[in-house]
Structure formats: C-alpha cells, structure tokens
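Heads up: the structure comes next, in structure tokens.
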Amino acid sequence: MSEGVERETMDFDVVIVGAGPAGLAAAIRLKQLAAEAGKDVSVVVLEKGSEVGAHILSGAVIDAVGLDKLIPDWREQGSPLKTEVSEDRFYYLWKTGGIRVPNIFMPPLMSNHGCYIGSLGSLCRWLGEQAEQAGVEIYPGIAVTEAIFGANGAIEGVITGDKGIARDGSHKDSYTPGIALRGKYTLIAEGARGSLSKQLINKLGLDSESGPQKFGIGLKELWEVPADRHRPGLVQHTMGWPLDDKTGGGSFLYHFGERLVSVGFVVHLDYANPYLNPFKEFQRAKTHPLIRTHLEGGKRIAYGARALTEGGWQAIPQLAFPGGALIGCAAGFMNVPRIKGSHNAMLSGMMAAEAAFAAIETGRAGDVLEAYPASVEASDMAKELRKVRNVKPLWSRLGTAAGVMFGGIDMWLNTVFPFLPHTLKHKKADYAGLSKASGARPIEYEKPDGKLTFDILSSVFLSGTNHEEDQPVHLRLTDPSIPIERNLPEYAEPAQRYCPALVYEVVGEGETVRFQINAQNCVHCKTCDVKDPAQNITWVPPEGGDGPNYVNM
Ligand SMILES: Cc1cc2nc3c(=O)[nH]c(=O)nc-3n(C[C@H](O)[C@H](O)[C@H](O)COP(=O)(O)OP(=O)(O)OC[C@H]3O[C@@H](n4cnc5c(N)ncnc54)[C@H](O)[C@@H]3O)c2cc1C
Ligand code: SF4
C-alpha cells in the first residue's frame, strides 16, 4: 500500500470491485437476502468506467438462467433484453464459402434457442438501477488499484486510485488521494484479466493448482443495417477462414433491437504467428460473403475490444481466500464453445453473495468464505462447465477443423455420460505460444475500404475512448529496453499488431528506433498484459472514469 498518504476511509459490510454482471448480481443478491431477513447490509460497488456499462463489451447472446434466478420478473420490470433468439446458425468457413453444421449435430448445450440477444452494457446499466433502488451504493469513475491487507494477511478492503497526478509523478492542483474502502468481505468482479485479480492471484498463489488461465481477444462492431436486411433473432457463429487451421477463433453476428447487428471476431491468444493482427483479421472476416451480406448498406456505429477468459473449468483458480473471493470472469467462469459467460458471472456473484451474507449474519468477518466454492462445486454452472472442459484443449492440440469435430464428440460424450473422468490440461500460458519471427510467415492484409472494413484509428474514435493525457502511463514496462532490444528482433514486436487500439508503435529507424506508447487510445482490453512474450507489460488502471465510453455494447 502507498505509505504516508492520508486517506479518507469508508466502512461497509461488503466491498465489490467492478459493476459488470458478476458484481451487480452479487450486490443485488446481498440486498435481497438482507430484505428477506429484515436486516441491513451495507454494500458498495466500485466501477472504473465513467458510468455503469461504459466499459462493458460483450456479444451478447445471453442465457437468461442467471437473470431468472436474480430477478425472476425481469421481463416485466423493463429490462433492455427484448430480442429472443429465433434462428441459430454455425458455419465452418473457407475463403469463398462455408458449410453449415446442421443444428442436429450440435450438442444440446450449444443451442442458443431460449436465449436473448442484446447489449450486456445496457443490461448492466439496468442492473445498476435495480441495485441502487435496493440500496446499493455504486461509485462509477473510481478505479481500484490496491487491496488492503490486515496483519493476519486477510484482505480488508481496497484502495482507489489517486487522481490529479501528472505524467512526471508530481501532484497537480487537482490532486486528490484515493480513498480506502474497508469491508468484512471484498468480492473481486473485474472481469477477464483484472489488474487487482492478477495481483491477488500472484500474491496468494491462487492458481497454484489450476495452472495457466487461457484468453482470447474479442473485437466487436455495432452496425445499424437497412430494415430489409435485419433479421431480429438471428444468431450466426463461424470458425475457420480467415484464420489458418492452427489459429483458434471465429466470428459472431447477432441481429437484435431496432435494425442493430453486433458483429465480432475472437482470436484465441495462444496464436503463434507474431505477424498476426487480430484487428485486421476481424476486418477481413467481414468481407466473407456469409458475413458481408448482413452488413452491406448499413452503418457502423460503435467499436471496441475486450479480452475474454477461455481456460474453462480446469483453469479456475482458488475462489475464496481470507476476506475475499473472485467472482465472474475474474475467476474465469466463461463457457468458451458457447461464447457465454454473463450468465455464469451472475450465478457466481449470487453464490458468493449468499456465502458472504450467511457469514456476516453469524458475526464473521475476514475469514475464508468456504461456502462459496462449495456451492460452485455443487451447482448447475459447474455441470455446464465440466461438460465443455476438454473443448479448448482439443482446439489447441488438433487445430480448428479436427478440434471442432473432436470437441463436438467430446461434448456429446460428456452430455450423455456426465461422469467421464478425462480432463485435458492447458499446456502453457498464451504468451509462451508465440513463435519467433524468423520462422513465421508475414501476413499481407488488404487496405480498408472505409465502407465495410476500416482502419484502427477511426475505429478507436467510435469507442468514445478518452484519457486525461497528463497522467502516468498506465501501461507499465518492467524493463523499458525489452520492446526494442528483445521483442523487436525476436518477435517483430507483436504489440504493434495485437493491440486493437494502436497503443504501441515502433517508430524511427536504425539508431533512432523507439517504442512509443499512445496510452490515451487504450480501450482497456488487457490483451497486452496477456500476450507480451516477455511478460514485460503490466496494465494498471488509469484515472477512474478514463477509457472507453461504450454505448449499447
Ligand atoms: C467479444 C465478446 C463477446 C462475448 N459474447 C458473449 C455472449 O454472447 N454471451 C455471454 O453470455 N457472454 C459473452 N461474453 C463474455 C461476457 O462478456 C463475460 O463473461 C462477462 O462480461 C463477465 O462478467 P464480469 O462481471 O465477470 O466482468 P465484466 O463484464 O468484464 O465487468 C467487469 C467490470 O469491472 C470493472 N473493473 C475492472 N477492473 C476494475 C478496477 N480495478 N476498478 C474498478 N472497476 C473495475 C470493469 O470496468 C467492468 O465494468 C463475451 C465477451 C467478449 C469479450
Ligand atoms: S494497450 Fe493493452 S489493454 Fe490497452 S487497448 Fe492495447 S492491448 Fe488493450
């Protein structure tokens, strides 16, 4: 903890970091339990986005199982989820065509029927309102930077980032130190690759038995399309082209709302070729006849990117530790083959809330919420994640075509015989999968046409990203010499390509070559923190309220 700074302190029963589906579901559930018991429980939710939903980016086809449990009458209460899935298509693509996998071959758990298409950001805004009406205190524009540890090693709350520090470290006139929020329990709901979660996982060794987490980068655009192209309720997923067989990922395309189409692309971050550019692969994917036909004549209205967890059941770290717990995608409850995590984020948040409430009721504080991992273990969520646990390892080992086939067979086997014991482990962390540039094939990408395909900077503009420029750079290099001295000769410095916001550039030539960090463009996706081959980049939160301002994402 930063010493010598006088901080305001606030005390709560439960402190929650992150107003995504996990954090908000936990907050609402705590208040529900308190109301049922005729008690009060004080709950605060801290969110780094300028408002709830501003940093939420998802598909999203939402399995309503979490929402049904949390707010059973959510349909009548005016939730923004309105479009029910009516058609569900999955294609394996090659450059000019593709083959549709008949729905009958897909394991039942892969079906999207009964799910809803919408914006997870809008759903979170609505959940935020429900939470506030129940008495939860939500503070947006506040980034959490550190945990507070007590003398016995238990987490006792968090510290929020200072505001008004200049790039050179001096205090500006606007300087205000962060505050300390103390809680009997602290729930970490930062989503994929949270910065505080990473600190806690490392410090407390929470992943010592689970092995490495796996990640993907998801890029998304929101389009408004002509009425005659709009098919509300249509869900389409693809794998294959434009990625080669060794590179995992694929596209998603969802029609919903008033002439809206969410189109996006996921690249698994264990890709090997350092010349691969996920943003440009996404642009290329949109030129496929099976995708472009949905967008032509339409207008792109939003863009963004965010990492997602892909390790599944076997990569879930220890969930509870003295005084706190990881919930949602901070723990990694994402079902990768379904590309769905929001329902499990909510369910895990509710389970942690139930454990915390029961503990507080009996006068406990700061101990391990053992009831939370126990309920996860016994839950339907665990059954769902166990069924698909081998799919991602099979994709990584066999490549896309064979991986999709054998992954499908494995899901069927695990559906019919749910007690099959075999679990394939993830072999290595994503950054360790990058090949040296000397043995890799440079990839040629076509220039964007400005109608269907776009450049990065005009895309970042649509994310509404904004950062106070005079503040310390929030992409921290452990060793500033590594990008040019090691990453450039060995990997052609892949940060120039994997970052979906052109934050990293290698500029100049020969003696004057240098690594430039355009931190103001950062859309907080966390990909650099995952993929840098030297693990030399640490993403830390910039000033609260900075970053993207996503609407309807
Ligand atoms: C491209 C893409 C497509 C997806 N498609 C689907 C889909 O169709 N269906 C589906 O169910 N799931 C989908 N997912 C997954 C889904 O979005 C996640 O599972 C879900 O958002 C996880 O919820 P969460 O609350 O754990 O984290 P998040 O939704 O990531 O929310 C975390 C919140 O915490 C805040 N935060 C983080 N760190 C801090 C900090 N230090 N201080 C303060 N605030 C902080 C963030 O700003 C954010 O608001 C998709 C994900 C991606 C990236
Ligand atoms: S700098 Fe890192 S976190 Fe920010 S947009 Fe680029 S890859 Fe994502």
Side-chain angles (χ1 to χ4, degrees), residues 16-26 45-49 52-63 66 112 115-118 120-121 123-124 139-146 158 160-161 188-197 215-220 235 237 252 254 262 264-266 278 304-309 326-336 338-346 348-349 460 463 465 474-475 495 498-504 517-519 521-532 537 539-542 544 547-548 550 553:
I16 299 175
V17 181
L24 292 169
V45 180
L46 305 162
E47 167 55 50
K48 68 179 165 62
V52 172
H55 287 184
I56 300 290
L57 181 141
S58 192
V61 173
I62 297 174
D63 182 336
N112 288 301
C115 295
Y116 286 78
I117 309 173
L120 188 64
L123 181 65
C124 285
Y139 298 126
I142 302 284
V144 171
T145 50
E146 294 170 64
V158 295
T160 68
I188 313 294
E190 293 178 294
R193 194 63 160 200
S195 46
L196 183 65
S197 324
F215 295 90
I217 173 177
L219 305 110
K220 171 177 163 182
V235 164
H237 292 109
F252 60 86
Y254 309 143
S262 285
F265 198 74
V266 173
R306 178 80 173 95
L308 46 135
T309 56
L326 299 172
I327 60 177
C329 280
F333 291 118
M334 173 92 180
N335 182 328
V336 194
R338 286 184 86 195
I339 330 183
K340 285 186 188 57
S342 60
H343 61 305
N344 288 340
M346 293 178 74
S348 61
V460 175
S463 68
T465 298
H474 71 280
L475 293 319
Y498 61 60
C499 172
L502 207 66
V503 168
Y504 302 106
I517 302 182
N518 309 310
N521 285 2
C522 175
V523 294
H524 297 202
C525 75
K526 317 282 180 73
T527 300
C528 49
D529 197 288
V530 173
K531 191 61 181 172
D532 177 51
I537 302 177
W539 187 99
V540 300
Y550 294 139
M553 295 286 269

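Remember, it's 1-based here, ligands and their atoms both numbered in the order they're listed. Note: hydrogens, waters and symmetry copies are ignored here, and every other heavy atom, side chains too, is used.
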Indicate yes or no: at least one non-hydrogen side-chain atom of Tyr139 is less than 4.5 angstrom from one of Val45.
no

Could you tell me if any non-hydrogen atom of Gly264 lies under 4.0 Å from any atom of ligand 1?
no

What atoms in ligand 1 come closer than 4.0 Å to a heavy atom of Lys340?
9 (N), 10 (C), 11 (O), 12 (N)

Pro541 to ligand 1: N or O pair under 3.5 Å?
no

From His524 NE2 over to Lys48 NZ, what is the distance, rounded to the nearest 0.5 angstrom?
5.5 Å

Taking atom 21 (O) of ligand 1 as the reference point, the nearest protein heavy atom with its distance:
Leu120 CD2, 3.3 Å

With rounding to the nearest 0.5 angstrom, report the CD1 to CE distance, Ile62 to Met346.
8.5 Å

Touching ligand 1 at all, Met334? Heavy atoms, strictly under 4.0 Å?
yes

Taking all atoms of both residues into account, what is the closest heavy-atom pair of Pro21 and Leu120, and its distance?
CG-CD2, 4.0 Å

Between Val52 and ligand 1, find which residue part has any heavy-atom pair under 4.0 Å and reply side chain, backbone, both or neither.
neither

Mark yes or no for whether Asp63, through its side chain, and His343, through its backbone, hold a donor-acceptor pair below 3.5 Å.
no

Contacting atoms of ligand 1, where contact means under 4.0 angstrom from a heavy atom of Gly328:
26 (O)

Hey, are the side chains of Glu190 and Lys526 touching, using non-hydrogen atoms and a 4.5 Å cut-off?
no

Is there a donor-acceptor contact under 3.5 Å from the side chain of Thr527 to the main chain of Cys499?
no

Please tell me if the side chains of Val523 and Tyr550 come closer than 4.5 Å, counting only heavy atoms from C-beta onward.
yes

Which heavy atom in Arg306 sits nearest to a heavy atom in Leu57, and how many Å separate them?
CB-CD2, 3.9 Å

Keeping His55 on the side-chain end and Pro548 on the backbone end, is there a donor-acceptor pair under 3.5 Å?
yes

Report the part of Tyr498 in contact with ligand 2, treating N, CA, C, O as backbone and CB onward as side chain, heavy atoms under 4.0 Å; options are side chain, backbone, both, neither.
neither

Could you report the tightest heavy-atom contact between Pro140 and Val52, atom names first, then the distance?
CB-N, 4.2 Å

Heavy-atom gap Ile142 to ligand 1 smaller than 4.0 Å:
yes

N or O contact, Ala330 vs ligand 1, cut-off under 3.5 Å
no

How close do Met334 and Leu308 get, heavy atom to heavy atom, and via which atoms?
CE-CD1, 3.7 Å

Taking Tyr254's backbone N and O only, do any of them form a donor-acceptor pair with Ser262's side chain (distance below 3.5 Å, no angle check)?
no

For Gly194, state whether at least one heavy atom is located under 4.0 Å from any atom of ligand 1.
no

How close do Phe265 and Phe252 get, counting heavy atoms only, and between which atoms?
N-CE2, 3.8 Å

Closest to atom 36 (N) of ligand 1 among protein heavy atoms sits Lys48 CE, 3.8 Å

Ligand-residue contact atoms, ligand 1 with His55, heavy atoms, under 4.0 Å
47 (O)

Identify the closest protein heavy atom to atom 30 (O) of ligand 1: which residue and atom is it, and at what distance?
Arg306 NH2, 3.3 Å

To check your reading of the model: name the closest protein heavy atom to atom 34 (O) of ligand 1, its residue, and the distance in Å.
Gly18 CA, 3.1 Å

Return yes when Leu46 approaches ligand 1 closer than 4.0 angstrom through a heavy atom, no otherwise.
yes

Numbered in order shown, the ligand 1 atoms found under 4.0 Å of a heavy atom of Ala189 are 32 (C), 33 (C), 34 (O)

Return the option from Leu57, Ile339, Ile16 holding the heavy atom at the smallest distance from atom 7 (C) of ligand 1.
Ile339

Atoms in ligand 1 flagged as close to Ser342, the criterion being non-hydrogen separation under 4.0 Å
10 (C), 11 (O), 12 (N), 19 (O)

Answer yes or no: does an N/O atom from Val61 fall short of 3.5 Å to an N/O atom of ligand 1?
yes

Could you tell me, atom by atom, which parts of ligand 1 come under 4.0 Å of a heavy atom of Ala143?
42 (N)

Would you mind checking which non-hydrogen protein atom is closest to atom 42 (N) of ligand 1, with the distance to 0.1 Å?
Val144 N, 2.9 Å

Could you check whether any side-chain heavy atom of Cys124 comes within less than 4.5 Å of a side-chain heavy atom of Glu47, counting everything from C-beta outward?
no

Test of understanding: given a 4.0 Å heavy-atom threshold, classify the contact between Cys329 and ligand 1 as side chain, backbone, both, or neither.
both

Minimum-distance protein heavy atom relative to atom 27 (O) of ligand 1
Gly191 CA, 3.1 Å

Decide whether an N or O pair under 3.5 Å exists between Glu190 and ligand 1.
yes

Least distance between heavy atoms, Ala22 atom then Ala189 atom:
CB-CB, 4.1 Å

How far is atom 17 (O) of ligand 1 from its nearest protein heavy atom, and which residue and atom is that?
Ser58 OG, 2.7 Å

Mind checking what makes salt bridge (charged side-chain N to carboxylate O under 4.0 Å, His left out) contact with Arg193, not counting sequence neighbours?
Asp529

Look up atom OG1 in Thr160 and atom CG in Leu46, then write down how far apart they are to the nearest 0.5 Å.
7.5 Å

Hey, does Tyr116 have a side-chain heavy atom less than 4.5 Å from the side chain of Val61?
no

Heavy-atom distances under 4.0 Å decide this one: backbone, side chain, both or neither, for Leu308 against ligand 1?
side chain

Distance, nearest 0.5 Å, that separates CD1 of Ile327 from CD1 of Ile16
6.0 Å

Provide, to 0.1 Å, the distance between atom 25 (O) of ligand 1 and the closest protein heavy atom, together with that atom's residue and name.
Ala22 N, 2.9 Å

With a cut-off of 4.0 Å, which atoms of ligand 1 are near a heavy atom of Ala345?
22 (C), 23 (O), 26 (O)

Exam field: side chain Asn518 to backbone Leu502, donor-acceptor pair closer than 3.5 Å:
yes

Considering the heavy atoms of Gly20, write down every atom of ligand 1 situated less than 4.0 Å from one of them.
25 (O), 31 (O), 33 (C)

For atom 8 (Fe) of ligand 2, which protein N/O/S atoms are closer than 2.8 Å?
Cys525 SG

